[in-house]
Amino acid sequence: MDGGGVDGYGMKMVRNRKVVLRRYVTAGYPTVDDMEVVSSTVMPRVPLGTMAPAVMVKNIYLSCDPWMRGRMTKHDDATAEIAEDFVLGEAMVNFGVSKVVDSTHPVFAAGDLVWGLCGWEEYSLITQPETLHKINHPDLPLSYYTGVLGVTGLTAYAAFFEVGKPKKGETVFVSAASGAVGQIVGQLAKIAGCYVVGSAGSDEKVTLLKTKFGFHDAFNYKKEGNDLTGALRRCFPDGIDIYFDNVGGATLDAALVNMRRGGRVVVCGMISQYNLQEPEGVHNVIQILSKTIRVEGFAVFNHFGLYPMFEDEMARYLKEGKVTVLQDVVKGIEKASEALIGMFSGRNVGKLLVAVADE
């Protein structure tokens with residue numbers, strides 16, 4: 001489909017559907033109505049007169065990630081946020097896999113496959129090409145670069161090894177373990193020679209953790225009622241060395257009670273808190289002092305220097321069958337909003353992504 005326009009090079013305008021934020025979410029869960037898909041046209045080339053090097057890409061896959069929720073709220077103190085708030089009426093932004101269709105940047109050429117930050121749209125003009133990475137293992141599924149070989153995998157790898165600093169024989173607890181990051185962390189923990197247990201929100205996901213991803217044990221936290229402390233004591237009778245926290249709240253509180261002396265808590269996400277009007281408190285903080293626990297927050301943007309090493313290492317694990325991937329693929333940009341909303345209630349199983357074009 002095209003808009004009928006032709007530029008001086010005989011290139012036609014093309015349709016560009018995009019997901020935009022209609023209004024900021026003040027509290028609670030976002031809804032599909034907070035977003036909409038709008039259609040416009042775009043010339044699939046870097047506009048003439050663009051001063052700085054830029055890249056025009058056709059997006060193939062778009063990633064759905066929990067951190068997008070924070071950007072859907074208007075913040076008065078922008079310095080407290082990991083990334084800027086979304087701009088109303090403009091395409092939402094996240095990581096994706098794309099094909100370069102035009103470039104004025106010396107590193108990228110038409111036909112290159114890349115991953116990086118792009119709009120939630122069919123075509124994106126990338127004015128900061130330094131956020132893009134060439135895909136060096138096209139023999140693996142391109143969709144992996146929204147997850148295990150992209151920022152999700154780098155998050156799991158850097159947070160676990162750089163912050164968690166595992167030692168062979170240690171015990172590791174991963175919350176939201178069937179999620180995009182958690183499933184990778186658990187498998188990396190096994191590769192590192194650790195004993196790993198995960199929590200998830202359904203029996204189906206618990207089974208996946210123990211059969212597909214090879215966790216030593218797993219439990220359904222929804223079946224434990226208010227006794228998460230007891231559940232962790234059952235799984236870790238001698239305590240937890242590393243807690244990889246993806247949820248915060250009551251699970252973090254229970255983990256602190258069960259940590260071993262000198263343990264490490266890697267705070268990677270707090271999905272249980274993102275949609276609350278009033279955040280839950282953490283009550284067992286005295287454990288940090290009495291057990292000399294190190295609690296450290298993690299932001300992947302501080303670790304992109306590791307990416308080349310990580311990509312080759314993770315590609316090798318995938319080819320050797322040491323890391324298994326589970327993806328939840330939604331087809332069509334018109335379904336992107338619904339997919340994102342569903343992620344916050346745990347509808348997806350594995351890495352959630354949206355396919356917006358054929359490879």
Side-chain angles (χ1 to χ4, degrees), residues 19 21 24-32 34-35 61-75 80-86 92-96 115 117-118 120 143 145-148 150-160 163 174-186 198-202 205 221-222 243-252 265-277 279-280 297-303 325-330 335-354:
V19 181
L21 190 66
Y24 288 114
V25 182
T26 55
Y29 285 86
T31 68
V32 172
D34 293 322
M35 296 166 275
Y61 296 106
L62 301 175
S63 178
C64 293
D65 296 294
W67 79 304
M68 297 177 73
R69 172 60 182 88
R71 304 184 71 186
M72 299 174 76
T73 296
K74 184 66 175 175
H75 296 93
E81 302 306 312
I82 295 175
E84 296 179 355
D85 304 330
F86 290 135
M92 295 163 60
V93 176
N94 197 27
F95 292 93
W115 75 271
L117 287 171
C118 63
W120 260 34
S143 57
Y145 280 87
T146 65
V148 66
V151 72
T152 302
L154 180 62
T155 296
Y157 182 91
F160 184 61
V163 180
V174 184
S175 57
S178 67
V181 171
Q183 63 179 249
I184 300 171
V185 171
S199 64
S202 73
K205 292 178 179 179
Y221 71 89
K222 292 181 180 178
Y243 170 39
F244 198 99
D245 186 19
N246 289 308
V247 301
T251 306
L252 173 58
V265 176
V266 184
V267 183
C268 187
M270 291 201 170
I271 198 168
S272 73
Q273 306 299 297
Y274 295 155
N275 297 297
L276 299 181
Q277 281 189 294
E280 295 174 339
F298 175 84
V300 70
F301 300 102
N302 298 325
H303 299 270
V325 176
L326 181 62
Q327 298 183 128
D328 195 332
V329 183
V330 175
K335 296 181 180 178
S337 301
E338 184 179 353
L340 181 63
I341 299 305
M343 179 180 61
F344 295 112
S345 57
R347 290 183 200 167
N348 61 297
V349 179
K351 172 60 190 172
L352 182 62
L353 63 140
V354 181

Looking at [atom1] of [X] and [atom2] of [Y], how far apart are the two atoms once the value is rounded to the nearest 0.5 Å?
| X | Y | atom1 | atom2 | value |
| --- | --- | --- | --- | --- |
| S175 | M270 | OG | CE | 9.5 Å |
| D34 | I341 | CG | CD1 | 6.5 Å |
| T73 | F86 | OG1 | CZ | 10.5 Å |
| N94 | L62 | CG | CG | 8.0 Å |
| D65 | L353 | CG | CG | 10.0 Å |

L340 vs M35, test: side-chain contact (heavy atoms from CB on, under 4.5 Å). Steps then yes/no. CA-CA 10 Å; L340 181 63; M35 296 166 275; 4.2 Å; yes
Can you give me the closest heavy-atom contact between [X] and [Y], atom names plus distance?
| X | Y | result |
| --- | --- | --- |
| F298 | C268 | CD2-SG, 4.3 Å |
| L352 | A339 | CD2-O, 3.3 Å |
| V185 | A156 | CG2-CB, 3.6 Å |

Using the six-membered ring wherever Trp is involved, compare the ring planes of F344 and Y29 and label them parallel, tilted or perpendicular (cut-offs 30° and 60°).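 Taking Y29 first and then F344, their aromatic rings stand perpendicular (interplane angle over 60°).
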Side chains of [X] and [Y] in contact at under 4.5 Å (non-hydrogen atoms):
| X | Y | result |
| --- | --- | --- |
| N246 | V174 | yes |
| V266 | F160 | no |
| K335 | V19 | no |

Donor-acceptor pair, T152 side chain versus V148 backbone, under 3.5 Å?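 Judged by distance alone, no pair lies under 3.5 Å.
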Side-chain donor/acceptor of D328 to backbone N/O of V349, under 3.5 Å: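 Present.
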Start with the C-alpha distance between V93 and R71, add both sets of side-chain angles, then the distance that settles side-chain contact (heavy atoms from CB on, under 4.5 Å), and finish with yes or no. CA-CA 9 Å; V93 176; R71 304 184 71 186; 4.1 Å; yes
